[in-house]
There are 2 protein chains.
Amino acid sequence: MHLQKYEKIPRATIARLAVYVQELEVMEQQGIKVISSEKLAWSCGVNPSQIRKDLAYFGEFGVRGVGYYVYELREAIKQSLGLDRTWNVVMVGVGNLGRALLRHQLLRKRGFVIVAAFDCDPFKIGEEIAGIEVQCSSKLPQSTIDMGVEIGIITTPPERAQRAANYLIEGGIKGIVNFAPSRITAPENVVVEYVDFIHNLFSVAFNITQHQIKGLL
Amino acid sequence: MHLQKYEKIPRATIARLAVYVQELEVMEQQGIKVISSEKLAWSCGVNPSQIRKDLAYFGEFGVRGVGYYVYELREAIKQSLGLDRTWNVVMVGVGNLGRALLRHQLLRKRGFVIVAAFDCDPFKIGEEIAGIEVQCSSKLPQSTIDMGVEIGIITTPPERAQRAANYLIEGGIKGIVNFAPSRITAPENVVVEYVDFIHNLFSVAFNITQHQIKGLL
DNA sequence: TATACATTGTTAAAAAATTCACTATGCACC
DNA sequence: GGTGCATAGTGAATTTTTTAACAATGTATA
């Protein structure tokens, strides 16, 4: 096992590594066996040094004068990110987005297996989606403890996100991905990550506006 | 209208401004009229200076010794981001995620109105979701031109993302939000933004692993 | 009107991230 | 085995972003 240099790794590096994995998989499917940092950089839209630096946090994976072996690099990155295993996930809040995620194939393909789904709406409880039966939220803490679940996904409306988080925390969860557009508070030892694609729409809207302003100057 | 100082604005600032808007709305609902950068910072999980700096890119919105008027600040930020209008959006790819977004209320609430949806699957064409009829992708370029659409959302499988992008570009779109896990190429004048929540799961998984390693040391 | 206080706006310092430039090294071919 | 070439790894320089510190200024009170 490659031993990571003990140094704080930038958040941005983690995000990029995920992109590298993605692109390496595409290359693998295309039958490409070896890739240089320059070509990989080009297809990921980053600088080649950036890639080499990002990888350097975790070890040496390339061959000088040659490049990186696609398969090996991908595996090495996945291992570095802790993705050489599967993670059990529970979901709280079975609305439109929740359903879409439950049915989403890619999650499982990436090693994230949704093992249970919870909602507080009596009309939803008992419903089966993608082979998973929706359970009452009050059962959440005990279930996650029993099943040894480590990650929770929140897809409730924003006003119920904190309550969902509390259930998850009570259930001994270690990390939360919050899709609800609201901040939540959690103890230090619980990792919280926010997903909000409205931000990306904001960003696009802003950049379009900027482009137009620049065009006028 | 507040004139933005002509200076490049960090991407991270834009993302944070979106968070500020979110939290300001929560505060407004709670009847809070005035807020200091310190309190807002606390609830957004950032540093107070950060907030003041972020806002300074766009103008002066606060009152020294008092703070910021919640309503005014929110409006000012929205205006700064180009969100004091509605944006017409089209969607390409009506799978699970696409359907969820079509039914999502928050998009419209934020001023992003999905005016048309396209898919290349004959079984989906003609279907109506949330009041929008799915059309054949080949009609996309002409439709977006006719409707004056500026933003396109791609929710196709990754292998069809580039084709979707090409249609959108042909249709004179100005910005793309790509939910498919694959990079796309577009001309300079088209803004592209990627959304991939798998990254966030990766990040959580990684951080959990790190926590545990740190715990062992 | 002056004084105290709170909090912004802003400049300077610090920290972090990115990019550059160069060194080291593996491979292919002679 | 030696030479040339390509490309990874890395330390230094640069750029960007964040944080801290403080000066400016509006409000409230006497």
Side-chain angles (χ1 to χ4, degrees), chain A residues 2-20 23-24 27 32-77 80 203 210, chain B residues 2-20 24 27 32-74 76-77 80 203 210:
Chain A
H2 292 283
L3 194 54
Q4 173 196 331
K5 293 171 189 173
Y6 208 72
E7 198 178 340
K8 218 185 96 212
I9 291 153
R11 270 187 65 82
T13 290
I14 304 304
R16 279 191 302 266
L17 287 171
V19 175
Y20 304 161
E23 290 302 301
L24 288 167
M27 287 166 182
I32 298 168
K33 296 271 183 267
V34 184
I35 188 88
S36 66
S37 58
E38 192 174 339
K39 289 210 189 88
L40 180 58
W42 194 87
S43 77
C44 295
V46 301
N47 181 296
S49 307
Q50 184 89 79
I51 290 190
R52 299 201 295 273
K53 190 123 244 184
D54 284 340
L55 296 175
Y57 285 111
F58 297 96
E60 303 193 0
F61 306 119
V63 181
R64 294 174 194 216
V66 177
Y68 301 91
Y69 291 102
V70 175
Y71 173 80
E72 288 186 7
L73 180 58
R74 180 169 67 79
E75 286 303 305
I77 296 176
S80 303
S203 178
Q210 290 294 296
Chain B
H2 292 283
L3 195 54
Q4 171 196 332
K5 294 171 188 172
Y6 208 70
E7 198 179 338
K8 217 183 99 214
I9 291 152
R11 271 185 65 81
T13 292
I14 304 303
R16 280 191 301 266
L17 287 170
V19 175
Y20 305 160
L24 287 167
M27 288 166 181
I32 298 169
K33 296 269 185 268
V34 183
I35 189 89
S36 67
S37 58
E38 193 174 338
K39 290 211 187 88
L40 180 58
W42 193 87
S43 77
C44 295
V46 301
N47 181 297
S49 306
Q50 185 90 79
I51 291 189
R52 298 202 296 273
K53 187 106 219 206
D54 285 340
L55 296 176
Y57 286 112
F58 296 96
E60 304 193 1
F61 306 119
V63 181
R64 294 175 194 215
V66 177
Y68 300 91
Y69 291 102
V70 174
Y71 173 80
E72 286 186 6
L73 180 58
R74 180 169 69 78
I77 296 177
S80 302
S203 178
Q210 290 293 298

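Sequence lines set the chain letters: A, B, ... in the order given, protein chains first and strands last, and positions in each chain run from 1. On a predicted model such as this, the values are computed, not experimentally measured, just so you know. When reading the values below, keep in mind they use all heavy atoms of this one structure, side chains included, and skip hydrogens, waters and symmetry mates.
Map A:Gly65 and A:Ser49 each onto its nearest nucleotide of DNA chain D; the residue landing nearer the 5' end is A:Gly65. Taking for each of A:Thr13 and A:Val66 the nucleotide of DNA chain C with the nearest heavy atom, the 5'-most of the two is the partner of A:Thr13.
Contact annotation: A:Arg11 side-chain N/O to C:dA16 OP1/OP2 distance is not under 4.0 Å. At C:dT18, none of the side-chain N or O atoms of A:Arg52 fall inside 4.0 Å of OP1 or OP2 (strictly under the cut-off). When the side-chain nitrogen and oxygen atoms of A:Tyr57 are compared with OP1 and OP2 of D:dT10, none of them lie within a distance under 4.0 Å. Distances shorter than 4.0 Å separate none of the side-chain N or O atoms of A:Tyr69 from OP1 or OP2 on D:dA8.
In the set C:dG26, D:dT16, C:dT10, D:dT16 carries the atom at the smallest distance from any side-chain atom of B:Lys8. In the set D:dG11, C:dA12, D:dA23, D:dG11 carries the atom at the smallest distance from any side-chain atom of A:Lys53. The side chain of B:Ala56 lies closest to C:dT10 when the candidates are C:dT10, D:dT10, D:dA8.
In this structure, the CD atom of B:Gln50 is 15 Å from the P atom of C:dG9, given to the nearest Å. Between the CG atom of A:Asn47 and the P atom of C:dA21 there is a distance of 11 Å, given to the nearest Å. We find that CG of B:Asp54 is positioned 14 Å from C1' of C:dT8, with the value rounded to whole Å.
Near DNA chain C, defined here as any heavy-atom distance below 4.0 Å, there are no residues from residues 32-44 of chain A.
You'll find the side chain of B:Gln50 stays beyond 4.5 Å of the side chain of B:Thr13, heavy atoms only. Between A:Asp54 and A:Tyr20, some side-chain heavy-atom pair lies under the 4.5 Å cut-off. Here the side chains of A:Arg11 and B:Ser203 are in contact, with some heavy-atom distance below 4.5 Å. No side-chain heavy atom of A:Tyr57 sits less than 4.5 Å from a side-chain heavy atom of A:Ser80. You'll find the side chain of B:Val70 stays beyond 4.5 Å of the side chain of B:Val34, heavy atoms only. Counting heavy atoms from C-beta outward, B:Tyr68 and B:Leu55 have side chains that approach closer than 4.5 Å.
Note on A:Gly62: only backbone sugar-phosphate atoms sit closer than 4.0 angstrom, heavy atoms only; bases stay farther off.
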